[in-house]
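What follows is a single structure, written as C-alpha coordinates, with notes after it.
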There are 2 protein chains.
Amino acid sequence: MDRRQDIHNSDIPIPCRACEARHGGICGALTAEELLELSKHTIKHALKPEQEVSTSRSSSQRYSNILKGVVKLSKATSDGRLQIVGLQFAPDFLGRPFGEQDELSAEAVTEVGVCTFPKSVLNQLMDKSPGLERRLYKQSLRELEEARSWMLTLGRKNAQEKVVSFLCLLATHADPELQDDSNKAAFEIPLKRSDIADFLGLTIETVSRQITKLRHAGLITLTDNRFVEIPDLAKLQDLAESGT
Amino acid sequence: MDRRQDIHNSDIPIPCRACEARHGGICGALTAEELLELSKHTIKHALKPEQEVSTSRSSSQRYSNILKGVVKLSKATSDGRLQIVGLQFAPDFLGRPFGEQDELSAEAVTEVGVCTFPKSVLNQLMDKSPGLERRLYKQSLRELEEARSWMLTLGRKNAQEKVVSFLCLLATHADPELQDDSNKAAFEIPLKRSDIADFLGLTIETVSRQITKLRHAGLITLTDNRFVEIPDLAKLQDLAESGT
DNA sequence: CGTCCTATTGAAATTCTTCAACACTCGTGG
DNA sequence: CCACGAGTGTTGAAGAATTTCAATAGGACG
(Lines give C-alpha, C1' and ligand atoms only; values in the text may rest on other atoms or scores of the structure.)
Protein backbone atom coordinates (compact mmCIF):
# COMPACT_ATOMS: atom_id res chain seq x y z
CA MET A 1 0.00 0.00 0.00
CA ASP A 2 1.06 3.54 -0.58
CA ARG A 3 2.68 5.27 2.30
CA ARG A 4 1.04 8.52 1.41
CA GLN A 5 -2.41 7.32 2.31
CA ASP A 6 -2.27 9.47 5.40
CA ILE A 7 -2.89 12.30 3.00
CA HIS A 8 -6.58 12.34 2.36
CA ASN A 9 -7.44 12.05 -1.26
CA SER A 10 -9.54 15.15 -0.98
CA ASP A 11 -6.36 17.05 -0.19
CA ILE A 12 -4.93 16.21 -3.59
CA PRO A 13 -5.61 18.84 -6.21
CA ILE A 14 -8.17 17.69 -8.73
CA PRO A 15 -5.93 17.81 -11.81
CA CYS A 16 -3.39 15.68 -9.98
CA ARG A 17 -5.69 12.95 -8.67
CA ALA A 18 -5.53 10.77 -11.71
CA CYS A 19 -2.05 11.83 -12.70
CA GLU A 20 0.19 9.07 -13.92
CA ALA A 21 3.27 10.86 -12.69
CA ARG A 22 2.15 11.96 -9.26
CA HIS A 23 4.11 9.39 -7.32
CA GLY A 24 7.04 8.68 -9.54
CA GLY A 25 7.95 12.15 -10.70
CA ILE A 26 9.01 15.12 -8.70
CA CYS A 27 5.45 15.54 -7.46
CA GLY A 28 5.92 12.50 -5.26
CA ALA A 29 8.26 14.58 -3.12
CA LEU A 30 5.66 17.22 -2.40
CA THR A 31 3.22 17.55 0.47
CA ALA A 32 -0.45 17.99 -0.33
CA GLU A 33 -0.05 21.66 0.36
CA GLU A 34 2.91 22.04 -1.95
CA LEU A 35 1.19 20.03 -4.60
CA LEU A 36 -1.78 22.35 -4.41
CA GLU A 37 0.47 25.37 -4.77
CA LEU A 38 2.12 23.86 -7.82
CA SER A 39 -1.11 22.69 -9.39
CA LYS A 40 -2.47 26.22 -9.44
CA HIS A 41 0.03 27.00 -12.15
CA THR A 42 0.16 23.83 -14.18
CA ILE A 43 -1.03 23.37 -17.73
CA LYS A 44 -1.25 20.01 -19.42
CA HIS A 45 -0.30 19.73 -23.05
CA ALA A 46 -0.53 16.99 -25.63
CA LEU A 47 2.29 16.96 -28.15
CA LYS A 48 2.52 15.35 -31.55
CA PRO A 49 5.73 13.67 -32.68
CA GLU A 50 8.37 16.18 -33.79
CA GLN A 51 6.78 18.93 -31.74
CA GLU A 52 9.10 20.91 -29.51
CA VAL A 53 8.55 20.82 -25.78
CA SER A 54 8.51 24.26 -24.30
CA THR A 55 11.70 24.18 -22.30
CA SER A 56 14.60 26.36 -21.40
CA ARG A 57 15.33 28.89 -24.04
CA SER A 58 12.15 28.24 -25.95
CA SER A 59 9.03 30.38 -25.73
CA SER A 60 7.69 30.35 -22.23
CA GLN A 61 9.98 29.89 -19.26
CA ARG A 62 8.39 26.72 -18.06
CA TYR A 63 9.47 23.33 -16.76
CA SER A 64 7.63 20.13 -17.60
CA ASN A 65 6.86 16.73 -16.26
CA ILE A 66 6.42 14.00 -18.82
CA LEU A 67 3.16 12.17 -18.24
CA LYS A 68 3.27 9.91 -21.22
CA GLY A 69 5.43 9.17 -24.22
CA VAL A 70 9.07 9.69 -25.12
CA VAL A 71 10.99 12.94 -25.47
CA LYS A 72 14.37 13.28 -27.14
CA LEU A 73 17.00 15.79 -26.09
CA SER A 74 19.36 16.73 -28.86
CA LYS A 75 22.24 18.94 -29.78
CA ALA A 76 23.38 20.06 -33.19
CA THR A 77 26.53 21.36 -34.79
CA SER A 78 26.38 24.70 -36.55
CA ASP A 79 26.18 22.93 -39.89
CA GLY A 80 23.21 20.83 -38.90
CA ARG A 81 24.54 17.47 -37.81
CA LEU A 82 22.36 16.13 -35.02
CA GLN A 83 23.06 14.09 -31.93
CA ILE A 84 20.43 12.87 -29.53
CA VAL A 85 21.95 13.17 -26.06
CA GLY A 86 19.13 11.72 -24.01
CA LEU A 87 15.78 10.03 -24.11
CA GLN A 88 13.30 10.89 -21.42
CA PHE A 89 10.31 8.84 -20.39
CA ALA A 90 7.42 9.42 -18.03
CA PRO A 91 7.55 10.51 -15.26
CA ASP A 92 10.80 12.39 -15.90
CA PHE A 93 11.23 16.05 -15.11
CA LEU A 94 12.23 18.23 -18.04
CA GLY A 95 14.16 21.44 -17.76
CA ARG A 96 17.32 23.00 -16.46
CA PRO A 97 17.16 24.61 -13.00
CA PHE A 98 19.56 27.48 -12.28
CA GLY A 99 20.23 29.17 -15.56
CA GLU A 100 20.21 28.37 -19.17
CA GLN A 101 20.91 25.28 -21.10
CA ASP A 102 23.24 25.74 -23.99
CA GLU A 103 21.64 24.76 -27.22
CA LEU A 104 19.62 21.79 -26.08
CA SER A 105 16.39 21.06 -27.86
CA ALA A 106 13.66 18.83 -26.50
CA GLU A 107 11.07 17.39 -28.78
CA ALA A 108 8.42 14.74 -28.70
CA VAL A 109 9.29 11.44 -30.33
CA THR A 110 5.91 9.80 -29.83
CA GLU A 111 2.61 11.23 -28.78
CA VAL A 112 3.55 12.94 -25.55
CA GLY A 113 1.67 14.33 -22.60
CA VAL A 114 3.35 16.92 -20.42
CA CYS A 115 2.39 18.93 -17.39
CA THR A 116 4.10 22.31 -17.45
CA PHE A 117 4.57 25.04 -14.86
CA PRO A 118 6.50 28.29 -14.60
CA LYS A 119 10.11 28.11 -13.56
CA SER A 120 9.56 30.63 -10.82
CA VAL A 121 7.04 28.40 -9.07
CA LEU A 122 9.35 25.43 -8.98
CA ASN A 123 12.29 27.56 -7.93
CA GLN A 124 10.36 28.80 -4.93
CA LEU A 125 9.11 25.34 -4.06
CA MET A 126 12.61 24.02 -4.27
CA ASP A 127 13.86 26.51 -1.71
CA LYS A 128 11.11 25.44 0.67
CA SER A 129 11.12 21.71 0.13
CA PRO A 130 14.43 19.89 0.54
CA GLY A 131 12.79 16.67 -0.56
CA LEU A 132 12.00 18.20 -3.91
CA GLU A 133 15.51 19.38 -4.53
CA ARG A 134 16.82 16.01 -3.46
CA ARG A 135 14.64 14.32 -6.00
CA LEU A 136 15.72 16.63 -8.78
CA TYR A 137 19.32 16.15 -7.81
CA LYS A 138 18.91 12.40 -7.96
CA GLN A 139 17.37 12.61 -11.40
CA SER A 140 20.28 14.68 -12.65
CA LEU A 141 22.70 12.13 -11.25
CA ARG A 142 20.84 9.37 -13.00
CA GLU A 143 20.88 11.29 -16.27
CA LEU A 144 24.58 11.92 -15.84
CA GLU A 145 25.23 8.22 -15.50
CA GLU A 146 23.10 7.44 -18.52
CA ALA A 147 24.91 10.07 -20.55
CA ARG A 148 28.29 8.68 -19.55
CA SER A 149 27.30 5.12 -20.36
CA TRP A 150 26.18 6.30 -23.73
CA MET A 151 29.50 8.07 -24.28
CA LEU A 152 31.15 4.67 -24.11
CA THR A 153 28.73 3.46 -26.75
CA LEU A 154 29.30 6.47 -28.99
CA GLY A 155 33.04 6.54 -28.67
CA ARG A 156 34.09 2.95 -28.54
CA LYS A 157 31.50 0.62 -30.02
CA ASN A 158 31.04 -0.38 -33.63
CA ALA A 159 27.80 -0.10 -35.56
CA GLN A 160 26.63 -3.57 -34.63
CA GLU A 161 27.23 -3.03 -30.94
CA LYS A 162 25.63 0.38 -31.05
CA VAL A 163 22.39 -0.90 -32.49
CA VAL A 164 22.35 -3.79 -30.05
CA SER A 165 23.02 -1.43 -27.15
CA PHE A 166 20.11 0.67 -28.28
CA LEU A 167 17.76 -2.31 -28.38
CA CYS A 168 18.92 -3.42 -24.95
CA LEU A 169 18.35 0.05 -23.61
CA LEU A 170 14.78 -0.02 -24.83
CA ALA A 171 14.24 -3.56 -23.65
CA THR A 172 14.89 -2.47 -20.10
CA HIS A 173 13.69 1.12 -20.25
CA ALA A 174 10.58 1.17 -22.37
CA ASP A 175 7.26 -0.20 -21.24
CA PRO A 176 7.89 -3.88 -20.97
CA GLU A 177 5.03 -5.59 -22.72
CA LEU A 178 6.73 -8.84 -21.95
CA GLN A 179 9.33 -8.77 -19.26
CA ASP A 180 8.12 -11.39 -16.84
CA ASP A 181 10.83 -13.61 -15.50
CA SER A 182 12.65 -14.46 -18.51
CA ASN A 183 15.10 -13.80 -21.14
CA LYS A 184 12.63 -12.56 -23.69
CA ALA A 185 11.50 -9.06 -24.49
CA ALA A 186 9.03 -7.51 -26.88
CA PHE A 187 8.31 -3.86 -27.37
CA GLU A 188 7.71 -1.15 -29.87
CA ILE A 189 10.65 1.01 -30.86
CA PRO A 190 9.39 4.52 -30.26
CA LEU A 191 11.91 6.12 -32.64
CA LYS A 192 12.08 6.11 -36.37
CA ARG A 193 15.28 5.14 -38.13
CA SER A 194 16.59 8.68 -38.46
CA ASP A 195 16.19 9.21 -34.72
CA ILE A 196 17.96 5.96 -33.99
CA ALA A 197 20.78 7.07 -36.26
CA ASP A 198 20.99 10.41 -34.48
CA PHE A 199 21.06 8.64 -31.15
CA LEU A 200 23.80 6.24 -32.18
CA GLY A 201 25.97 8.59 -34.18
CA LEU A 202 25.42 6.60 -37.37
CA THR A 203 23.63 7.05 -40.67
CA ILE A 204 20.15 5.75 -41.35
CA GLU A 205 21.52 3.26 -43.82
CA THR A 206 23.99 1.75 -41.39
CA VAL A 207 21.27 1.36 -38.78
CA SER A 208 19.04 -0.33 -41.31
CA ARG A 209 21.76 -2.71 -42.39
CA GLN A 210 22.61 -3.69 -38.83
CA ILE A 211 18.99 -4.36 -38.00
CA THR A 212 18.72 -6.53 -41.08
CA LYS A 213 21.79 -8.46 -39.97
CA LEU A 214 20.34 -9.05 -36.52
CA ARG A 215 17.13 -10.22 -38.12
CA HIS A 216 18.93 -12.67 -40.35
CA ALA A 217 20.95 -13.92 -37.42
CA GLY A 218 17.72 -14.71 -35.63
CA LEU A 219 18.56 -12.44 -32.73
CA ILE A 220 15.48 -10.30 -33.23
CA THR A 221 12.17 -10.48 -35.02
CA LEU A 222 10.55 -7.45 -36.60
CA THR A 223 6.98 -6.74 -37.50
CA ASP A 224 6.15 -3.50 -39.33
CA ASN A 225 9.60 -2.01 -38.62
CA ARG A 226 8.65 -0.88 -35.17
CA PHE A 227 7.70 -3.86 -33.11
CA VAL A 228 10.64 -5.96 -31.95
CA GLU A 229 10.77 -9.34 -30.32
CA ILE A 230 13.94 -10.52 -28.66
CA PRO A 231 13.96 -14.26 -28.03
CA ASP A 232 17.20 -14.28 -26.06
CA LEU A 233 17.93 -10.99 -24.34
CA ALA A 234 21.01 -12.27 -22.55
CA LYS A 235 22.64 -13.24 -25.82
CA LEU A 236 21.88 -9.79 -27.20
CA GLN A 237 23.33 -8.10 -24.14
CA ASP A 238 26.56 -9.98 -24.64
CA LEU A 239 26.72 -8.66 -28.17
CA ALA A 240 26.42 -5.10 -26.89
CA GLU A 241 30.00 -5.16 -25.67
CA SER A 242 31.84 -7.61 -27.82
CA GLY A 243 29.90 -7.88 -31.01
CA THR A 244 30.66 -8.26 -34.71
CA MET B 1 36.81 41.31 -1.37
CA ASP B 2 35.47 38.04 -0.19
CA ARG B 3 32.06 38.08 1.38
CA ARG B 4 33.05 35.51 3.95
CA GLN B 5 35.37 37.85 5.75
CA ASP B 6 32.83 38.06 8.57
CA ILE B 7 34.05 34.62 9.46
CA HIS B 8 37.17 35.15 11.48
CA ASN B 9 40.14 33.43 10.08
CA SER B 10 40.73 31.79 13.42
CA ASP B 11 37.41 30.00 12.95
CA ILE B 12 38.70 28.25 9.86
CA PRO B 13 40.19 24.84 10.57
CA ILE B 14 43.94 24.86 10.21
CA PRO B 15 44.20 22.35 7.35
CA CYS B 16 41.68 24.42 5.39
CA ARG B 17 43.23 27.83 5.83
CA ALA B 18 45.59 27.63 2.93
CA CYS B 19 43.37 25.35 0.88
CA GLU B 20 43.20 26.17 -2.77
CA ALA B 21 39.69 24.77 -3.01
CA ARG B 22 38.10 26.27 0.04
CA HIS B 23 36.08 28.89 -1.77
CA GLY B 24 35.47 27.32 -5.14
CA GLY B 25 34.65 23.77 -4.18
CA ILE B 26 31.84 22.47 -2.06
CA CYS B 27 33.60 23.80 1.02
CA GLY B 28 32.64 27.30 -0.02
CA ALA B 29 29.06 26.43 0.84
CA LEU B 30 29.86 25.54 4.41
CA THR B 31 29.80 27.64 7.54
CA ALA B 32 32.89 27.75 9.72
CA GLU B 33 31.23 25.28 12.01
CA GLU B 34 30.40 22.84 9.25
CA LEU B 35 33.85 23.21 7.80
CA LEU B 36 35.31 22.31 11.15
CA GLU B 37 33.13 19.24 11.38
CA LEU B 38 34.20 18.13 7.94
CA SER B 39 37.87 18.88 8.48
CA LYS B 40 37.99 16.52 11.42
CA HIS B 41 37.65 13.67 8.99
CA THR B 42 39.61 14.83 6.00
CA ILE B 43 42.84 13.35 4.73
CA LYS B 44 44.92 14.92 2.00
CA HIS B 45 46.57 12.72 -0.56
CA ALA B 46 49.04 13.31 -3.34
CA LEU B 47 48.56 11.10 -6.36
CA LYS B 48 50.93 10.23 -9.16
CA PRO B 49 49.69 10.01 -12.75
CA GLU B 50 47.82 6.75 -13.43
CA GLN B 51 47.01 6.32 -9.77
CA GLU B 52 43.40 5.56 -8.94
CA VAL B 53 41.49 8.02 -6.80
CA SER B 54 39.75 6.34 -3.94
CA THR B 55 36.15 6.79 -5.00
CA SER B 56 32.92 4.95 -5.04
CA ARG B 57 33.38 1.23 -5.29
CA SER B 58 37.10 1.35 -4.68
CA SER B 59 38.74 0.71 -1.34
CA SER B 60 37.50 3.15 1.23
CA GLN B 61 34.08 4.69 0.98
CA ARG B 62 35.26 8.24 0.65
CA TYR B 63 34.51 11.30 -1.41
CA SER B 64 37.19 13.68 -2.60
CA ASN B 65 37.78 17.27 -3.51
CA ILE B 66 40.39 17.91 -6.14
CA LEU B 67 42.88 20.46 -4.89
CA LYS B 68 45.27 20.36 -7.81
CA GLY B 69 45.72 18.56 -11.09
CA VAL B 70 43.48 16.71 -13.49
CA VAL B 71 41.46 13.55 -12.93
CA LYS B 72 39.94 11.42 -15.66
CA LEU B 73 36.71 9.49 -15.28
CA SER B 74 36.47 6.52 -17.56
CA LYS B 75 34.39 3.56 -18.50
CA ALA B 76 35.40 0.36 -20.22
CA THR B 77 33.76 -2.38 -22.19
CA SER B 78 34.12 -5.93 -20.97
CA ASP B 79 36.83 -6.54 -23.55
CA GLY B 80 38.90 -3.60 -22.46
CA ARG B 81 38.09 -0.73 -24.78
CA LEU B 82 38.28 2.52 -22.85
CA GLN B 83 36.35 5.75 -23.00
CA ILE B 84 37.07 8.77 -20.88
CA VAL B 85 33.70 10.24 -19.94
CA GLY B 86 34.85 13.28 -18.05
CA LEU B 87 37.80 15.35 -17.01
CA GLN B 88 37.73 16.95 -13.60
CA PHE B 89 39.80 19.88 -12.46
CA ALA B 90 40.31 21.58 -9.13
CA PRO B 91 38.20 22.38 -7.18
CA ASP B 92 35.72 19.75 -8.39
CA PHE B 93 34.00 17.35 -6.08
CA LEU B 94 34.56 13.69 -6.85
CA GLY B 95 32.13 10.95 -5.98
CA ARG B 96 28.60 9.73 -6.36
CA PRO B 97 26.14 10.63 -3.61
CA PHE B 98 23.20 8.28 -3.04
CA GLY B 99 24.34 4.86 -4.03
CA GLU B 100 26.84 3.28 -6.28
CA GLN B 101 28.32 4.29 -9.54
CA ASP B 102 28.28 1.62 -12.16
CA GLU B 103 31.75 0.85 -13.32
CA LEU B 104 33.25 4.29 -13.30
CA SER B 105 36.93 4.58 -12.60
CA ALA B 106 38.66 7.78 -11.57
CA GLU B 107 42.36 8.18 -11.92
CA ALA B 108 44.93 10.91 -11.83
CA VAL B 109 46.14 12.20 -15.15
CA THR B 110 48.72 14.61 -13.79
CA GLU B 111 50.14 14.99 -10.35
CA VAL B 112 46.99 15.38 -8.29
CA GLY B 113 46.18 16.58 -4.82
CA VAL B 114 42.91 15.51 -3.23
CA CYS B 115 41.22 16.04 0.07
CA THR B 116 39.14 13.01 1.00
CA PHE B 117 36.50 12.39 3.62
CA PRO B 118 34.08 9.59 4.51
CA LYS B 119 30.82 9.44 2.65
CA SER B 120 28.86 9.33 5.86
CA VAL B 121 30.18 12.70 6.96
CA LEU B 122 29.18 14.42 3.76
CA ASN B 123 25.82 12.72 3.74
CA GLN B 124 25.04 14.07 7.16
CA LEU B 125 26.31 17.52 6.31
CA MET B 126 24.18 17.51 3.19
CA ASP B 127 21.03 16.87 5.19
CA LYS B 128 21.84 19.79 7.43
CA SER B 129 23.12 22.28 4.92
CA PRO B 130 20.87 23.07 1.96
CA GLY B 131 23.58 25.26 0.50
CA LEU B 132 25.88 22.29 0.27
CA GLU B 133 23.38 20.13 -1.52
CA ARG B 134 22.61 22.99 -3.86
CA ARG B 135 26.23 23.30 -4.77
CA LEU B 136 26.59 19.59 -5.41
CA TYR B 137 23.44 19.64 -7.48
CA LYS B 138 24.80 22.48 -9.55
CA GLN B 139 28.03 20.64 -10.17
CA SER B 140 26.14 17.59 -11.37
CA LEU B 141 24.12 19.75 -13.74
CA ARG B 142 27.29 21.25 -15.09
CA GLU B 143 28.83 17.83 -15.57
CA LEU B 144 25.68 16.68 -17.30
CA GLU B 145 25.93 19.52 -19.77
CA GLU B 146 29.57 18.82 -20.39
CA ALA B 147 28.84 15.15 -20.94
CA ARG B 148 26.09 15.95 -23.41
CA SER B 149 28.21 18.41 -25.32
CA TRP B 150 30.86 15.78 -25.58
CA MET B 151 28.32 13.26 -26.87
CA LEU B 152 27.85 15.52 -29.87
CA THR B 153 31.60 15.47 -30.38
CA LEU B 154 31.84 11.71 -30.04
CA GLY B 155 28.84 10.90 -32.19
CA ARG B 156 28.91 13.44 -34.95
CA LYS B 157 32.33 14.95 -35.44
CA ASN B 158 35.19 13.66 -37.53
CA ALA B 159 38.71 13.12 -36.29
CA GLN B 160 39.85 16.62 -37.17
CA GLU B 161 36.95 18.25 -35.39
CA LYS B 162 37.34 16.01 -32.40
CA VAL B 163 40.96 16.95 -31.85
CA VAL B 164 40.18 20.61 -32.36
CA SER B 165 37.27 20.38 -29.93
CA PHE B 166 39.60 18.86 -27.40
CA LEU B 167 42.12 21.64 -27.77
CA CYS B 168 39.40 24.25 -27.47
CA LEU B 169 38.10 22.56 -24.35
CA LEU B 170 41.51 22.78 -22.77
CA ALA B 171 42.06 26.33 -23.96
CA THR B 172 39.06 27.46 -21.96
CA HIS B 173 39.17 24.96 -19.11
CA ALA B 174 42.78 24.43 -18.20
CA ASP B 175 44.87 26.98 -16.41
CA PRO B 176 45.19 29.77 -18.85
CA GLU B 177 48.80 30.73 -18.95
CA LEU B 178 47.88 33.22 -21.58
CA GLN B 179 44.26 34.15 -21.82
CA ASP B 180 44.31 37.90 -21.50
CA ASP B 181 42.02 39.72 -23.82
CA SER B 182 42.76 38.10 -26.99
CA ASN B 183 42.43 35.39 -29.42
CA LYS B 184 45.53 33.55 -28.38
CA ALA B 185 45.99 30.71 -25.97
CA ALA B 186 48.92 28.72 -24.68
CA PHE B 187 48.85 25.83 -22.28
CA GLU B 188 50.19 22.44 -21.49
CA ILE B 189 48.11 19.45 -22.54
CA PRO B 190 47.77 17.46 -19.34
CA LEU B 191 47.00 14.19 -21.13
CA LYS B 192 49.23 11.90 -23.08
CA ARG B 193 48.23 10.76 -26.54
CA SER B 194 46.57 7.56 -25.41
CA ASP B 195 44.38 9.51 -22.99
CA ILE B 196 43.45 11.97 -25.70
CA ALA B 197 42.52 9.05 -27.91
CA ASP B 198 40.40 7.52 -25.17
CA PHE B 199 38.70 10.83 -24.62
CA LEU B 200 37.95 11.36 -28.30
CA GLY B 201 37.02 7.82 -29.25
CA LEU B 202 39.92 7.58 -31.67
CA THR B 203 43.21 5.72 -31.92
CA ILE B 204 46.52 7.18 -30.84
CA GLU B 205 47.69 7.26 -34.43
CA THR B 206 44.74 9.23 -35.67
CA VAL B 207 45.17 11.77 -32.90
CA SER B 208 48.83 12.12 -33.75
CA ARG B 209 48.12 12.59 -37.44
CA GLN B 210 45.50 15.23 -36.80
CA ILE B 211 47.79 17.16 -34.53
CA THR B 212 50.47 17.05 -37.18
CA LYS B 213 47.99 18.39 -39.72
CA LEU B 214 47.03 21.26 -37.45
CA ARG B 215 50.69 22.00 -36.93
CA HIS B 216 51.39 22.08 -40.64
CA ALA B 217 48.35 24.26 -41.22
CA GLY B 218 49.83 26.76 -38.78
CA LEU B 219 46.81 26.54 -36.50
CA ILE B 220 48.86 25.41 -33.54
CA THR B 221 52.47 25.33 -32.45
CA LEU B 222 53.90 22.52 -30.39
CA THR B 223 56.92 22.34 -28.18
CA ASP B 224 57.87 19.00 -26.63
CA ASN B 225 54.53 17.41 -27.54
CA ARG B 226 52.77 18.83 -24.55
CA PHE B 227 52.91 22.57 -24.74
CA VAL B 228 50.55 24.10 -27.27
CA GLU B 229 50.27 27.60 -28.58
CA ILE B 230 47.18 28.69 -30.43
CA PRO B 231 47.70 31.90 -32.37
CA ASP B 232 44.08 32.26 -33.46
CA LEU B 233 41.65 30.62 -31.08
CA ALA B 234 38.57 31.87 -32.91
CA LYS B 235 39.68 30.23 -36.13
CA LEU B 236 40.25 27.00 -34.27
CA GLN B 237 36.84 27.17 -32.65
CA ASP B 238 35.24 27.47 -36.06
CA LEU B 239 37.03 24.31 -37.10
CA ALA B 240 35.56 22.47 -34.15
CA GLU B 241 32.17 22.34 -35.82
CA SER B 242 32.81 22.45 -39.52
CA GLY B 243 36.30 21.24 -40.03
CA THR B 244 38.19 19.19 -42.59
C1' DC C 1 -3.58 7.16 -58.32
C1' DG C 2 0.10 10.16 -57.24
C1' DT C 3 2.84 11.97 -53.55
C1' DC C 4 5.23 12.11 -49.31
C1' DC C 5 7.50 9.72 -45.84
C1' DT C 6 9.94 5.88 -44.22
C1' DA C 7 12.85 2.06 -44.79
C1' DT C 8 15.85 -1.11 -47.39
C1' DT C 9 19.59 -2.46 -50.45
C1' DG C 10 23.73 -2.05 -53.53
C1' DA C 11 28.11 -0.10 -55.17
C1' DA C 12 31.60 3.30 -54.83
C1' DA C 13 34.10 6.49 -52.04
C1' DT C 14 36.02 7.95 -47.80
C1' DT C 15 37.55 7.87 -43.21
C1' DC C 16 39.59 5.69 -39.67
C1' DT C 17 41.96 1.69 -37.88
C1' DT C 18 45.40 -1.79 -37.90
C1' DC C 19 49.92 -3.35 -38.44
C1' DA C 20 54.62 -2.22 -38.65
C1' DA C 21 58.69 0.50 -38.45
C1' DC C 22 61.14 4.12 -36.52
C1' DA C 23 62.50 8.34 -33.57
C1' DC C 24 63.05 10.60 -29.24
C1' DT C 25 63.58 11.08 -24.17
C1' DC C 26 64.74 9.59 -19.80
C1' DG C 27 66.51 6.91 -16.22
C1' DT C 28 69.41 2.96 -14.85
C1' DG C 29 73.27 0.40 -14.43
C1' DG C 30 77.40 -1.68 -16.37
C1' DC D 1 80.16 7.83 -20.13
C1' DC D 2 77.62 5.12 -22.93
C1' DA D 3 74.43 1.32 -23.80
C1' DC D 4 70.10 -0.43 -22.99
C1' DG D 5 65.21 -0.65 -22.47
C1' DA D 6 60.83 1.21 -21.42
C1' DG D 7 57.60 4.60 -22.39
C1' DT D 8 55.87 7.86 -25.61
C1' DG D 9 55.00 9.82 -30.05
C1' DT D 10 55.24 9.91 -35.25
C1' DT D 11 54.73 8.18 -39.89
C1' DG D 12 53.53 5.01 -43.84
C1' DA D 13 50.87 1.48 -46.26
C1' DA D 14 47.22 -1.78 -46.35
C1' DG D 15 42.82 -3.07 -44.73
C1' DA D 16 38.22 -2.60 -42.77
C1' DA D 17 34.28 -0.15 -41.40
C1' DT D 18 31.14 3.34 -42.27
C1' DT D 19 29.36 6.93 -45.21
C1' DT D 20 27.71 8.70 -49.43
C1' DC D 21 25.15 8.43 -53.53
C1' DA D 22 21.58 6.27 -55.98
C1' DA D 23 17.79 3.31 -56.84
C1' DT D 24 13.77 0.85 -55.17
C1' DA D 25 9.80 -0.62 -52.33
C1' DG D 26 5.89 -0.15 -49.24
C1' DG D 27 2.37 2.38 -46.58
C1' DA D 28 -0.54 6.38 -45.49
C1' DC D 29 -3.26 9.92 -47.11
C1' DG D 30 -5.65 13.09 -49.90
Side-chain angles (χ1 to χ4, degrees), chain A residues 48-50 77 79-83 109-111 153-167 188-217 220-228 239 242-244, chain B residues 48-51 77 79-83 109-110 153-167 188-217 220-228 239 242-244:
Chain A
K48 296 269 170 227
E50 314 287 281
T77 60
D79 62 345
R81 284 167 286 173
L82 231 67
Q83 175 66 50
V109 166
T110 60
E111 302 267 322
T153 300
L154 289 174
R156 287 305 189 194
K157 295 188 186 174
N158 63 29
Q160 168 97 292
E161 295 167 320
K162 282 182 177 180
V163 170
V164 170
S165 297
F166 171 69
L167 292 174
E188 186 177 344
I189 302 176
L191 315 194
K192 55 185 178 188
R193 294 291 183 273
S194 66
D195 284 329
I196 302 176
D198 287 338
F199 192 36
L200 295 172
L202 297 172
T203 59
I204 303 176
E205 294 93 328
T206 302
V207 171
S208 181
R209 279 185 252 269
Q210 295 301 333
I211 290 180
T212 302
K213 254 197 207 168
L214 292 172
R215 220 159 18 85
H216 290 159
I220 63 173
T221 314
L222 272 199
T223 32
D224 89 328
N225 290 331
R226 286 288 186 125
F227 196 81
V228 195
L239 267 186
S242 55
T244 304
Chain B
K48 295 270 168 224
E50 314 288 281
Q51 209 176 337
T77 60
D79 62 344
R81 283 168 285 172
L82 231 68
Q83 176 66 49
V109 167
T110 60
T153 299
L154 289 175
R156 288 304 189 195
K157 295 188 187 173
N158 62 28
Q160 168 97 293
E161 295 168 321
K162 283 182 177 181
V163 170
V164 170
S165 298
F166 171 70
L167 292 174
E188 188 177 346
I189 302 176
L191 315 195
K192 54 186 177 188
R193 295 291 184 272
S194 66
D195 285 329
I196 301 176
D198 287 339
F199 192 36
L200 295 172
L202 297 172
T203 59
I204 303 176
E205 294 93 328
T206 301
V207 171
S208 180
R209 280 185 252 269
Q210 296 302 332
I211 289 179
T212 301
K213 255 197 207 167
L214 291 172
R215 217 158 24 86
H216 289 159
I220 63 174
T221 314
L222 270 200
T223 31
D224 89 332
N225 291 331
R226 286 287 186 129
F227 196 81
V228 194
L239 266 187
S242 55
T244 304

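Worth saying up front: this structure is predicted, and the values here are computed from it rather than measured. Letters A, B, ... mirror the listed sequences (proteins, then strands); counts begin at 1.
- Side-chain atoms of A:I211 and A:I220, non-hydrogen and from C-beta on, do get closer than 4.5 Å to each other.
- Between B:S194 and D:dT8, a side-chain N or O to OP1/OP2 separation shorter than 4.0 Å is absent.
- Taking CG from A:L222 and CG from A:L214, the interatomic distance works out to 9.0 Å, rounded to the nearest 0.5 Å.
- Atom NZ in A:K192 sits roughly 4 Å away from atom P in C:dT6 (whole-Å rounding).
- Summarising the geometry, the separation between CG on A:D224 and C1' on D:dA28 is reported as 13 Å, rounded to the nearest angstrom.
- Distances shorter than 4.0 Å separate some side-chain N or O of B:N225 from OP1 or OP2 on D:dT10.
- Side chain A:R193 to base C:dT9: no donor-acceptor pair is found below 3.5 Å.
- The nearest heavy atom of DNA chain D to B:H216 and to B:E50 marks one nucleotide each, and the one closer to the 5' end goes with B:E50.
- For B:Q160 and C:dC16, a side-chain-to-base donor-acceptor distance below 3.5 Å is absent, hydrogens and geometry of angles not being considered.
- Not one side-chain nitrogen or oxygen of B:T203 sits closer than 4.0 Å to the OP1 or OP2 atom of C:dT18.
- In this structure, the CG atom of B:L222 is 7 Å from the P atom of D:dT10, given to the nearest Å.
- At least one side-chain nitrogen or oxygen of B:T206 sits closer than 4.0 Å to the OP1 or OP2 atom of C:dT17.
- Without hydrogens or angle criteria, A:E188 side chain to A:V228 main chain gives no donor-acceptor distance under 3.5 Å.
- Counting heavy atoms from C-beta on, the side chains of B:I196 and B:L202 never come closer than 4.5 Å.
- Between B:Q210 atom CD and C:dT17 atom C1' the separation is 13 Å, expressed in whole Å.
- Following rounding to the nearest Å, A:R209 (CZ) and C:dA12 (C1') show an atom-to-atom distance of 11 Å.
- When rounded to the nearest whole Å, the span between CD1 of A:I196 and C1' of C:dT8 equals 13 Å.
- In this structure, the NZ atom of A:K162 is 8 Å from the P atom of D:dT18, given to the nearest Å.
- A:R226 has its CZ atom 11 Å from the C1' atom of C:dA7, to the nearest Å.
- Residue A:S208 has its side chain nearest to C:dA7 when only C:dC19, C:dC16, C:dA7 are considered.
- Residue contacts for B:L202: at a heavy-atom cut-off of 4.0 Å it reaches the sugar-phosphate backbone alone, with no base atom in range.
- By the 4.5 Å heavy-atom criterion applied to side chains, A:N225 and A:R193 are counted as neighbours.
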